[in-house]
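Following: one structure in structure tokens, then a few remarks.
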Amino acid sequence: EGIISLYQNENGQLSAASNGSDGGALWPTLPWNEVDEKHHLWNFRRCILKKEMPDILKNIETNKMSPSEIVLHLLDRLVVIEKDFAKRVFKSKQRDDARGKSTIPGYAESHVRAEDDAVVKAAMEESQRVEKSVADIKSALSSGTKVLASRL
């Protein structure tokens, strides 16, 4: 079992450490305490991504992807996830419509069809918005536009 301890360093900053039985740290250094100023925030975010989404990042470590390649990979995954979500929302409403028609008299006349449902339309629009935003970001990154590149 690990031991969590708080300590104050020579600059007066409060730090936390979690040590395993072998004395090694179990969690990453907080970004504001990182020694490597150039990549400290990216290293912290990468560690969080690896802990929270190991299935998304499982091949990244073995393929030795650069941070920019990882971002592009994750943006592509975001588009796939958004499209899948919109499709699932539509299918769910279609199933509700089919069940409703078969069990509730007058359901079709009093309920909005999946194709016209505001929630389904919003999910589809969001999927399209995300896809366009990702395409814009990738285009800006490949052309060297700094306005969008700084947003990542």
Side-chain angles (χ1 to χ4, degrees), residues 2 4-7 9-20 22-101 108 111-152:
I4 298 173
S5 58
L6 293 172
Y7 63 93
N9 65 17
E10 61 275 356
N11 297 331
Q13 294 177 323
L14 191 61
S15 298
S18 175
N19 296 328
D22 64 351
L26 297 177
W27 60 28
T29 303
L30 299 173
W32 49 87
N33 290 334
E34 184 72 51
V35 176
D36 179 10
E37 291 293 323
K38 185 176 179 186
H39 300 291
H40 69 281
L41 189 55
W42 167 246
N43 288 336
F44 182 76
R45 288 177 177 166
R46 185 171 152 267
C47 182
I48 297 299
L49 287 171
K50 285 172 57 179
K51 293 283 186 194
E52 292 188 5
M53 296 180 272
D55 58 319
I56 290 175
L57 298 172
K58 64 185 168 192
N59 295 324
I60 289 175
E61 291 296 317
T62 56
N63 294 334
K64 304 286 188 210
M65 296 171 80
S66 70
S68 60
E69 290 171 326
I70 293 171
V71 169
L72 293 175
H73 172 74
L74 292 175
L75 287 170
D76 290 338
R77 287 295 307 263
L78 175 61
V79 171
V80 169
I81 290 168
E82 284 292 333
K83 284 182 176 181
D84 182 58
F85 177 74
K87 188 187 311 179
R88 288 172 186 254
V89 168
F90 178 75
K91 283 186 174 187
S92 176
K93 178 63 171 124
Q94 274 189 323
R95 281 193 308 269
D96 288 350
D97 290 346
R99 278 182 258 159
K101 286 179 193 175
H111 287 82
V112 177
R113 296 177 345 154
E115 294 81 7
D116 302 323
D117 186 76
V119 173
V120 172
K121 285 182 177 182
M124 295 290 188
E125 289 168 5
E126 178 65 8
S127 172
Q128 292 167 353
R129 187 195 65 75
V130 167
E131 186 173 19
K132 183 185 180 323
S133 294
V134 166
D136 290 346
I137 291 169
K138 289 172 75 174
S139 173
L141 288 174
S142 66
S143 68
T145 304
K146 293 189 180 203
V147 174
L148 287 176
S150 67
R151 295 167 84 187
L152 296 175

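The residues of the chain are indexed from 1 along the displayed sequence. Everything quoted here is computed from the prediction, not taken from an experiment. Both backbone and side-chain heavy atoms feed into the values below; hydrogens, waters and symmetry mates do not.
Under the salt bridge (charged side-chain N to carboxylate O under 4.0 Å, His left out) criterion, D117 pairs with no residue at all, not counting sequence neighbours.
Atoms CG and NE2, from L78 and H73 in turn, are 11.5 Å apart once rounded to the nearest 0.5 Å. The line from CZ of R77 to CG of L72 is 14.5 Å long, rounded to the nearest 0.5 Å. Taking CZ from F85 and CE from M124, the interatomic distance works out to 10.5 Å, rounded to the nearest 0.5 Å.
Within the 3.5 Å criterion, the main-chain N or O of A135 finds no donor-acceptor partner in the side chain of S139.
A salt bridge between D84 and R88 is present, with a side-chain N of the basic residue lying under 4.0 Å from a carboxylate O of the acidic one.
Here the closest non-hydrogen pair linking V112 and D97 is O-OD1, 3.8 Å. Closest of all the heavy-atom pairs between A86 and A123 is CB-O, 3.6 Å.
Residue pairs meeting the ring pair (Phe, Tyr, Trp, His ring centres under 6.0 Å) criterion with at least one member in residues 111-143, sequence neighbours excluded: Y107-H111.
Using a 4.5 Å heavy-atom threshold, the side chains of K93 and E115 count as separate. At least one side-chain heavy atom of D76 sits less than 4.5 Å from a side-chain heavy atom of K138. The shortest side-chain heavy-atom distance between V134 and E131 does not fall under the 4.5 Å cut-off.
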